[in-house]
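Worksheet: one structure, shown below.
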Amino acid sequence: MANNNYVISTLGSHSALQILKGARDEGFKNLVICKRGASQPYRSFKVADKIIEVDNYEEIHELEKQLIKDNVILIPHGSFVNALSFDGLNELRIKYFGNKAVLPWEENRTKQREWLSKAGLVVPKLYQDPSDIDGPTIIKFFGARGGKGFFLARNEQEFRKKIAPHKDKKYVIQEYIIGAPLYIHYFYSPLNQELEVMSMDRRYETNVDSIGRIAAKDQIDLNIESSYNIMGNQPLVVRESLLPEIFRMGEQVVKQSKKLIPGGLFGPFCLETVVTPDLDVYVFEISARIVAGTNPYINGSPYTDLRYDGPMSTGRRVAREINDAIKSNRLEKVLHSDKAS
Ligand code: ATP
């Protein structure tokens with residue numbers, strides 16, 4: 001079942017291991033582009049057919065001609081925009097799984113909110129003015145990687161005190177949802193127009209997920225600043241009665257994307273949510289591509305076990321979609337079309 005005409009490729013970071021293994025399991029050759037000094041995992045875990053080392057990811061532009069000639073299909077993951085820049089990614093003419101027209105909707109918090117609200121999902125309230133704060137809020141800075149510097153405030157006075165050191169930064173004041181974080185991984189097939197729930201995770205963030213290990217008194221005495229920098233992911237399944245709502249949410253997001261974005265959203269995506277004690281699911285963000293929360297499921301998740309005969313990671317599901325598209329002569333359906341940019 002070798003699909004020798006195409007080479008599945010990605011950048012060596014984030015979720016590359018499962019993308020490469022998934023490609024192989026579906027009969028593709030693969031290639032990983034790594035920062036010099038970061039290729040050891042791809043060598044040691046024996047998942048890569050070819051490794052190209054670069055000093056800077058920008059070098060992909062110099063490799064572009066050859067990659068196009070070699071029939072490379074790029075699978076984007078969460079490190080792509082950071083590694084190549086938004087414009088750099090848009091400019092690339094290498095075959096690309098997914099729809100680049102979704103990128104501006106994912107990048108911009110206001111557009112994301114419009115998309116999610118129009119899809120009928122419950123989103124945390126936004127406060128336009130600090131004097132409106134009437135409950136717990138989280139203050140999020142723009143471009144703050146890993147939630148660095150985010151803080152909580154219960155009222156205007158507390159907000160003013162905590163914002164003082166951050167004079168020139170742009171931020172939003174968002175309702176803080178008290179509940180359990182839940183990250184839901186979906187896959188939408190543009191070939192058969194079906195939405196699948198692939199898996200779920202909870203993030204392991206430092207230091208908010210470890211602060212509970214020390215007494216409240218010590219937390220105050222040590223003057224600890226909470227931070228949401230992610231260091232790993234833990235597997236999770238939800239109570240089964242939540243599943244119908246979870247499917248509905250994913251379907252609504254895809255349906256709305258077709259109205260807002262030429263070509264719509266397809267492939268893997270993730271809804272980042274907090275579930276309240278009343279089991280209301282608040283969505284605070286969407287990631288419109290494979291997320292690292294799928295990494296615990298290289299051998300499949302409890303949900304993919306139900307649906308597939310063999311192990312099915314999200315990385316493999318992407319390769320399966322490309323495979324199905326090739327077999328049915330519809331490859332253009334799963335690749336970014338320049339018309340949409
Ligand atoms: P990334 O882009 O990596 O997802 P970010 O810097 O955009 O991160 P968010 O994901 O928006 O930051 O938030 C960081 C963390 O803060 C989340 O993992 C979540 O646990 C928590 N969080 C964010 N928004 C809310 C909210 N409205 N209510 C409760 N918790 C929240």
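Here the structure is a predicted model, which is why all the values come from computation and not from measurement. All ligand and atom numbering here is 1-based and tracks the order in the structure.
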key: Intermediate values then yes/no, ring-ring contact (aromatic ring centres under 6.0 Å, His included), Phe28 and Tyr6   = CA-CA 7 Å; Phe28 288 96; Tyr6 295 95; 7.1 Å; no
request  = Take Asp25 and Arg320, measure what salt bridge (charged side-chain N to carboxylate O under 4.0 Å, His left out) needs, and give me the verdict at the end.
outcome  = CA-CA 9 Å; Asp25 290 344; Arg320 173 75 55 95; over 6 Å; no
request  = Write down the atom of Ser39, the atom of Glu53, and the distance for their closest heavy-atom approach.
outcome  = OG-OE2, 2.9 Å
ask   = Atoms of ligand 1 less than 4.0 Å from Ile177 heavy atoms?
value = 26 (C), 28 (N), 29 (C)
request  = Examine Glu205 against ligand 1 and note whether any of their N/O atoms are separated by less than 3.5 Å.
outcome  = yes
query = Taking N or O atoms only and a 3.5 Å limit, does Pro181 qualify as a polar contact for ligand 1?
reply = no
query = If we only count N/O pairs under 3.5 Å, is Glu175 in contact with ligand 1?
reply = yes
message = Under 4.0 Å from a heavy atom of Pro124: which atoms of ligand 1 are those, numbered in the order shown and with their elements?
response = 27 (N)
task = Report the residue from Lys21, Arg316, Lys327, Arg317 that forms a salt bridge (charged side-chain N to carboxylate O under 4.0 Å, His left out) with Glu26.
result = Arg316
task = Any atoms of ligand 1 less than 4.0 Å from a non-hydrogen atom of Phe150? List them with their elements.
result = 6 (O), 12 (O), 13 (O)
query = So, are Glu245 and Arg248 salt-bridged, with charged N and O less than 4.0 Å apart?
reply = yes
Residue-ligand contact Tyr183/ligand 1, heavy atom below 4.0 Å = yes
request  = Using the ring of Phe142 (Phe, Tyr or Trp, six-membered ring only), decide whether Lys140 places NZ or CZ under 6.0 Å from its centre and within 45 degrees of its axis.
outcome  = no
request  = State whether Phe151 and Lys162 meet the cation-pi test: NZ (Lys) or CZ (Arg) under 6.0 Å from the six-membered ring centroid, and within 45° of the perpendicular axis.
outcome  = no
task = Number the atoms of ligand 1 from 1 as they appear, then name those within less than 4.0 Å of a heavy atom of Arg109, with their elements.
result = 7 (O), 11 (O)
ask   = Which bit of Phe284 gets closer than 4.0 Å to ligand 1, counting heavy atoms only: side chain, backbone, both or neither?
value = side chain
Proximity winner for atom 3 (O) of ligand 1, if only heavy atoms of Glu285, Glu272, Arg202, Arg203 are counted = Arg203
